Enquirer: 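Got a structure here, written out as structure tokens. Questions coming.
This one's a predicted model, so the numbers in the text were calculated from it and none came from an experiment.
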Amino acid sequence: MDLQGDLIKHPHDAYQHLRDTAPVQRIAGPTGEPAWLVTRYDDVRSALADPRLSLDKTNAAEGSYRGLSLPPALDANLLNMDPPDHTRIRKLVSRAFTPRRVEALRAPIRQTADELLDALGTEGRADLIAAYAAPLPITVICDLLGIPEDHRRDFRAWTNELIAPDPSRPHAAKQAIGAMLAFFTELIAHKRRHPADDLLSDLIAVRDSDGDQLSEDELTSLAFLILGAGYENTVQFIGNAVHVLLSHPEHLARLRMDQSKLPEAVEELARYEGPALLAIRRFPTEDVTIGDVTVPAGETVLLSLSAANRDPARFSQPELLDFDRDASGHLALGQGIHYCLGAPLARAEAEIALAALLERFSSLTLAEPEPRWRPSLRARGLLELPVEYKAARPLA
């Protein structure tokens with residue numbers, strides 16, 4: 001099989017083949033360097049919590065896939081850190097994503113969702129990624145950080161260049177990184193002059209009052225990570241969930257009848273078609289045995305969250321969407337100390353986005369039979385989601 005091509009075009013089929021035949025397989029990583037791909041649930045879950053698998057790039061062997069190449073001011077983030085630095089930084093920001101704080105955001109999130117749906121009118125055709133799944137999380141995370149509205153327009157283009165780079169434009173990703181660095185540098189300088197009641201102002205205050213808690217590079221990198229991960233993953237989370245529901249009309253009808261099932265549905269949708277194909281790359285600090293393969297120290301390990309979530313050894317008939325299954329234990333949002341910091345917020349946004357759609361539109365159908373997925377080994381997301389819709393009732 002054409003492993004690289006199939007992992008992009010037909011990831012679930014390719015992962016099934018690998019789970020059955022080579023659950024720890026040497027592949028070419030997203031940028032061509034060698035890496036070990038792990039696809040069975042037990043192996044992936046165990047590896048996610050293994051302290052010998054480091055996120056620190058200094059533990060990578062020469063020639064191994066290291067992930068995105070970023071300047072120091074964007075690279076000093078949680079996705080490149082082990083304890084104790086990871087523990088220190090995560091503690092500073094974790095209180096912004098507690099269940100209580102997220103609960104307080106539900107009303108503003110619903111207001112934003114309703115405003116976006118108001119703009120669509122009572123019936124017609126639209127791309128739900130551009131009109132709904134993308135602007136909802138960018139509004140939420142920018143409001144949380146305190147980023148003015150007129151600074152948000154370029155962010156999706158920048159992240160597209162990083163997550164799914166166009167081979168015909170080899171310099172575009174580097175240009176996007178430069179633009180993002182300039183953006184965050186200017187934004188932090190502005191917030192220093194004009195602090196407000198927002199997360200970024202709070203982090204700047206921590207940095208300026210006690211540099212031992214947060215360096216300047218760590219501050220900039222943290223803002224970059226919160227905005228990037230909080231936006232990008234949630235776009236895909238919402239877009240994938242809507243597409244799956246529209247492809248399974250019986251499940252859509254069931255949720256229309258009983259929205260109390262939405263929390264369980266969101267967990268199953270995350271398991272079934274989560275936003276991340278792979279966890280962030282890891283580097284063994286010593287030779288590590290995964291399954292029956294020994295991975296040498298320093299070589300890159302890629303853990304497939306998507307493959308693990310469809311492993312029949314963990315989930316019965318995993319290829320079936322089942323809102324009655326116990327989907328707890330899915331790995332769509334990670335596991336261990338690197339579990340997704342914004343998981344409570346992502347879940348809330350997905351629940352609210354789906355509830356608003358179900359209530360607004362009595363008819364919502366796919367306008368194109370075949371989805372166009374982003375060509376990425378890292379992320380699972382749609383380029384667009386064309387739908388036809390009709391409101392359940394006239395707008396007031």
Enquirer: Go through the steps to decide whether Arg192 and Glu216 satisfy the test salt bridge (charged side-chain N to carboxylate O under 4.0 Å, His left out), and finish with yes or no.
Expert: CA-CA 12 Å; Arg192 276 202 168 98; Glu216 192 69 16; 2.8 Å; yes
Enquirer: Find out whether Glu273 and His243 are in side-chain contact, i.e. whether some heavy atom of one side chain is under 4.5 Å from a heavy atom of the other.
Expert: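 No. Closest side-chain heavy atoms not under 4.5 Å.
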Enquirer: Using 4.0 Å as the upper bound for N to carboxylate O, is an ion pair formed by Arg281 and Glu33?
Expert: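 Answer for the salt bridge query: no.
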Enquirer: Report the C-alpha separation of Arg325 and Glu267 in whole Å, then their side-chain angles, then the decisive distance to 0.1 Å, and conclude whether the salt bridge (charged side-chain N to carboxylate O under 4.0 Å, His left out) test is met.
Expert: CA-CA 10 Å; Arg325 88 162 71 240; Glu267 295 307 306; over 6 Å; no
Enquirer: Between His251 and His248, how do the two ring planes meet: parallel, tilted or perpendicular, split at 30° and 60°?
Expert: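 Perpendicular, since the angle between the ring planes exceeds 60°.
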Enquirer: With salt bridge (charged side-chain N to carboxylate O under 4.0 Å, His left out) as the criterion, how do Glu268 and Arg254 come out once you've worked through the C-alpha distance, each side chain's angles and the decisive distance to 0.1 Å?
Expert: CA-CA 14 Å; Glu268 171 66 354; Arg254 183 178 178 186; over 6 Å; no
Enquirer: Does Tyr65 reach the side chain of Ile27, with side-chain heavy atoms less than 4.5 Å apart?
Expert: no
Enquirer: For a side chain to side chain donor-acceptor pair (under 3.5 Å) check, start with the C-alpha distance between Asp56 and Ser54, then their side-chain angles and the critical distance, and finish with the verdict.
Expert: CA-CA 5 Å; Asp56 188 338; Ser54 169; 5.2 Å; no
Enquirer: For Asp50 and Arg282, run salt bridge (charged side-chain N to carboxylate O under 4.0 Å, His left out): C-alpha distance rounded to whole Å, both residues' side-chain angles, the deciding distance at 0.1 Å, then the answer.
Expert: CA-CA 10 Å; Asp50 192 333; Arg282 284 159 164 79; over 6 Å; no
Enquirer: Any side-chain heavy-atom pair from Glu264 and Phe323 closer than 4.5 angstrom?
Expert: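 In short, these two side chains do not touch, never coming nearer than 4.5 Å.
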Enquirer: Mind listing the closest non-hydrogen atom pair of Leu136 and Ala353 along with its distance?
Expert: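 Taking Leu136 first and Ala353 second, the nearest heavy atoms are CD2-CB, 3.7 Å.
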Enquirer: Determine whether Leu227 and Cys142 make a side-chain contact, defined as any pair of heavy atoms from C-beta on separated by less than 4.5 Å.
Expert: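 Side-chain contact under 4.5 Å: yes.
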Enquirer: Is there a side-chain contact between Thr39 and Gln25 (heavy atoms, below 4.5 Å)?
Expert: no
Enquirer: Compare all side-chain heavy atoms of Leu364 with those of Arg256 and state whether any distance is below 4.5 angstrom.
Expert: yes
Enquirer: Which heavy atom of Ser376 sits nearest a heavy atom of Ile8, and at what distance?
Expert: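 Smallest interatomic distance, heavy atoms only, reads N-CG2, 4.0 Å.
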Enquirer: Does NZ or CZ of Arg310 come closer than 6.0 Å to the centre of the six-membered ring of Tyr272, within 45° of the ring's axis?
Expert: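 Geometry flag: set, cation within 6.0 Å and 45°.
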Enquirer: First locate atom CZ of Arg40, then atom OG of Ser46, and finally report the distance between them rounded to the nearest 0.5 Å.
Expert: 14.0 Å
